[in-house]
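A quick note: this is a predicted structure, and the numbers were derived from the prediction, not measured. In each ligand, atom 1 is the first atom listed, and ligand 1 is the first ligand listed.
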Amino acid sequence: MAPLQVEVYNPNGKYRVISTKPMPGTRWINLLIEQDCRLEICTQKKTILSVEDIISLIGDKCDGVIGQLTEDWGETLFSALSRAGGKAFSNMAVGYNNVDVNAANKYGVAVGNTPGVLTETTAELAASLSLAAARRIVEADEFMRAGLYDGWLPHLFVGNLLKGQTVGVIGAGRIGSAYARMMVEGFKMNLIYYDLYQSTRLEKFVTAYGQFLKANGEQPVTWKRASSMDEVLREADVISLHPVLDKTTYHLVNKERLAMMKKEAILVNCSRGPVVDEVALVEHLKANPMFRVGLDVFEDEPYMKPGLGEMKNAIVVPHIASASKWTREGMATLAALNVLGKIKGYPVWADPNNVEPFLNESSRPPAASPSIVNSKALGLPVSKL
Ligand SMILES: NC(=O)C1=CN([C@@H]2O[C@H](COP(=O)(O)OP(=O)(O)OC[C@H]3O[C@@H](n4cnc5c(N)ncnc54)[C@H](O)[C@@H]3O)[C@@H](O)[C@H]2O)C=CC1
Ligand SMILES: O=C(O)C(=O)CO
């Protein structure tokens with residue numbers, strides 16, 4: 001196999017760090033090279049690197065790797081990294097369903113992710129898809145560009161008014177809660193949510209906003225924590241999916257559950273494709289033309305299941321929910337600092353829900369790894385900062 005193309009920074013650095021892709025911004029590069037890392041960025045023109053590609057990048061000596069959510073980080077890669085002396089890996093993503101954390105534990109490799117910095121950006125895309133679906137923006141845009149508009153008509157592209165409707169959130173963690181707040185405050189929707197845990201902050205937010213509306217003579221918004229996911233599916237007009245992908249959430253939305261939803265409901269997925277049974281979804285879209293979806297993620301990325309691309313009632317975008325400049329640069333910084341922190345023997349940041357101090361460009365980041373998902377399993381020290 002011919003060696004993959006790489007760009008090398010600080011060739012005489014003591015620690016060899018690989019990034020399997022070029023990432024936005026330069027701060028992450030500077031932070032690594034200032035701390036004695038030789039950085040090799042793979043610049044090969046190939047969107048998804050195979051396990052063999054990554055093994056060849058790791059080579060005989062490698063201290064840490066920054067990788068992507070499209071890569072299969074399992075036993076083979078962690079054993080290769082460990083043989084090369086590596087102790088650190090970070091996904092440039094908050095989701096890490098592409099990583100076998102048990103395999104990483106076996107080889108003593110720390111696994112980093114990038115929470116928080118993408119919360120609002122991802123929630124904003126979910127909100128955009130919700131609005132685009134409710135008001136049929138993509139269909140209307142295509143109609144206009146096709147030269148079909150010949151004058152205003154009372155029935156032209158009639159959609160749904162969100163105000164006063166119910167928004168349903170499944171997985172009310174960081175992103176799900178941020179999305180819920182946007183839809184409740186921005187569009188005065190009532191909230192129903194389902195999560196394994198209670199989201200007290202979210203509940204307090206909706207209560208306070210409802211009181212504010214009431215004090216101003218408006219209809220107050222309401223919230224409800226559902227006791228089952230099915231309750232959300234039956235009651236909500238717009239449903240957005242934000243859980244992690246694991247065994248419990250695989251095909252969470254299947255044929256039976258689609259059938260429970262309102263005929264004119266909107267379903268948004270900015271979590272992971274396999275949370276929805278996409279074949280069942282295509283059938284449901286065909287049978288229910290007023291049901292609409294906004295999808296950022298797909299079961300077999302980069303592919304769509306047959307028929308999905310032809311459905312007028314589906315809006316599809318290529319996994320761009322975290323794609324704002326600030327967020328992507330911040331993700332690169334967090335991923336680099338996860339790897340650097342482990343290499344330098346720094347402790348793990350105590351609160352992965354507050355990574356702001358790492359993102360402030362005018363000061364040095366704390367001497368810690370921002371977010372290591374297997375820190376407990378590896379018994380890593382926690383920062384007291
Ligand atoms: N489309 C995109 O570009 C992006 C996708 N994501 C996806 O969004 C996911 C969530 O991210 P965060 O909000 O930061 O994570 P988080 O950990 O704060 O939230 C996930 C929530 O899902 C809940 N959950 C887990 N299992 C569940 C179940 N069976 N039923 C209902 N809820 C369940 C958890 O209790 C938690 O509150 C990531 O794991 C990732 O897969 C994240 C960022 C960008
Ligand atoms: O962070 C993630 O999990 C993504 O899907 C991309 O931002």
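Taking the side chain as every heavy atom from C-beta outward, P24 and K325 never approach each other to under 4.5 Å. Taking 4.5 Å as the limit, every side-chain heavy atom of I170 sits out of range of all side-chain heavy atoms of S240. When side chains are defined from C-beta on, S177 does not count as touching R201, because their heavy atoms never get closer than 4.5 Å.
A donor-acceptor pair shorter than 3.5 Å can be found between the side chains of S371 and N113. Side chains of Y179 and E124: no donor on one and acceptor on the other come within 3.5 Å.
Under 4.0 Å is where a charged nitrogen must lie from a carboxylate oxygen, and between E310 and K286 no such pair does. By the 4.0 Å N-to-carboxylate-O rule, D300 lies close enough to K305 to be salt-bridged with it. Note on E139 versus R292: no salt bridge recorded, every NZ/NE/NH1/NH2 to OD/OE distance being 4.0 Å or above. Under the 4.0 Å criterion applied to side-chain N and carboxylate O atoms, D63 and K87 are not assigned as salt-bridge partners. Of the charged side-chain nitrogens involved, none lies within less than 4.0 Å of a carboxylate oxygen, so that E235 and K262 do not count as a salt-bridged pair. Of the charged side-chain nitrogens involved, at least one lies within less than 4.0 Å of a carboxylate oxygen, so that K106 and E75 count as a salt-bridged pair. Under the 4.0 Å criterion applied to side-chain N and carboxylate O atoms, R16 and E40 are assigned as salt-bridge partners. With respect to the salt-bridge test (charged N to carboxylate O, under 4.0 angstrom), the residues E218 and K214 do not qualify.
In this structure, of I175, T248, V169, the residue bringing a heavy atom nearest to atom 8 (O) of ligand 1 is I175. Closest heavy-atom approach to atom 9 (C) of ligand 1 within the set P243, C270, G95: this belongs to P243. Relative to atom 37 (O) of ligand 1, the option among D195, V244, T114 with the closest non-hydrogen atom is D195. The closest heavy-atom contact to atom 15 (O) of ligand 1, among the options R272, M229, R174, K247, comes from R174.
Taking every heavy atom of Y197 and a limit of under 4.0 angstrom, the matching atoms of ligand 1 come to 35 (O). Short contacts between ligand 1 and Y194, defined as distances under 4.0 Å to a heavy atom of the residue, involve ligand atoms 30 (N), 31 (C). For ligand 1, the atoms sitting less than 4.0 Å from at least one non-hydrogen atom of V297 are 1 (N), numbered in the order shown with element in parentheses. Annotation for ligand 1: atoms under 4.0 Å from non-hydrogen atoms of S322 are 3 (O). Distances below 4.0 Å separate heavy atoms of T249 from the following atoms of ligand 1: 26 (N), 27 (C), 28 (C), 29 (N). The H319 neighbourhood of ligand 1 comprises atoms 1 (N), 2 (C), 3 (O), with distances under 4.0 Å to a heavy atom of that residue. For ligand 1, the atoms sitting less than 4.0 Å from at least one non-hydrogen atom of H242 are 10 (C), 20 (C), numbered in the order shown with element in parentheses.
Between F89 and F78, the ring-plane angle classifies as perpendicular under the 30° and 60° cut-offs.
Protein heavy atom at the shortest distance from atom 19 (O) of ligand 1 is G173 CA, 3.4 Å. Looking from atom 32 (N) of ligand 1 to the surrounding protein, the closest heavy atom is G171 CA, 3.7 Å. In terms of protein heavy-atom proximity, atom 44 (C) of ligand 1 is nearest to T122 OG1, 3.4 Å. Given atom 26 (N) of ligand 1, the protein heavy atom at minimum distance is L196 CD1, 3.6 Å. Protein heavy atom nearest atom 7 (C) of ligand 1, with residue, atom name and distance: S271 O, 3.7 Å.
The closest approach between L245 and ligand 1 stays at or above 4.0 Å for every heavy atom of the residue.
Contacts between T119 and ligand 1, counted as non-hydrogen atom pairs separated by less than 4.0 Å, are absent for every part of the residue.
Ligand 2 is surrounded by L69, A93, V94, G95, L118, R272, H319, S322, M331, each with at least one heavy atom closer than 4.0 Å.
The ring-ring contact (aromatic ring centres under 6.0 Å, His included) search around F157 returns F143, not counting sequence neighbours.
Note: an N/O pair closer than 3.5 Å links D296 and ligand 1 by distance alone.
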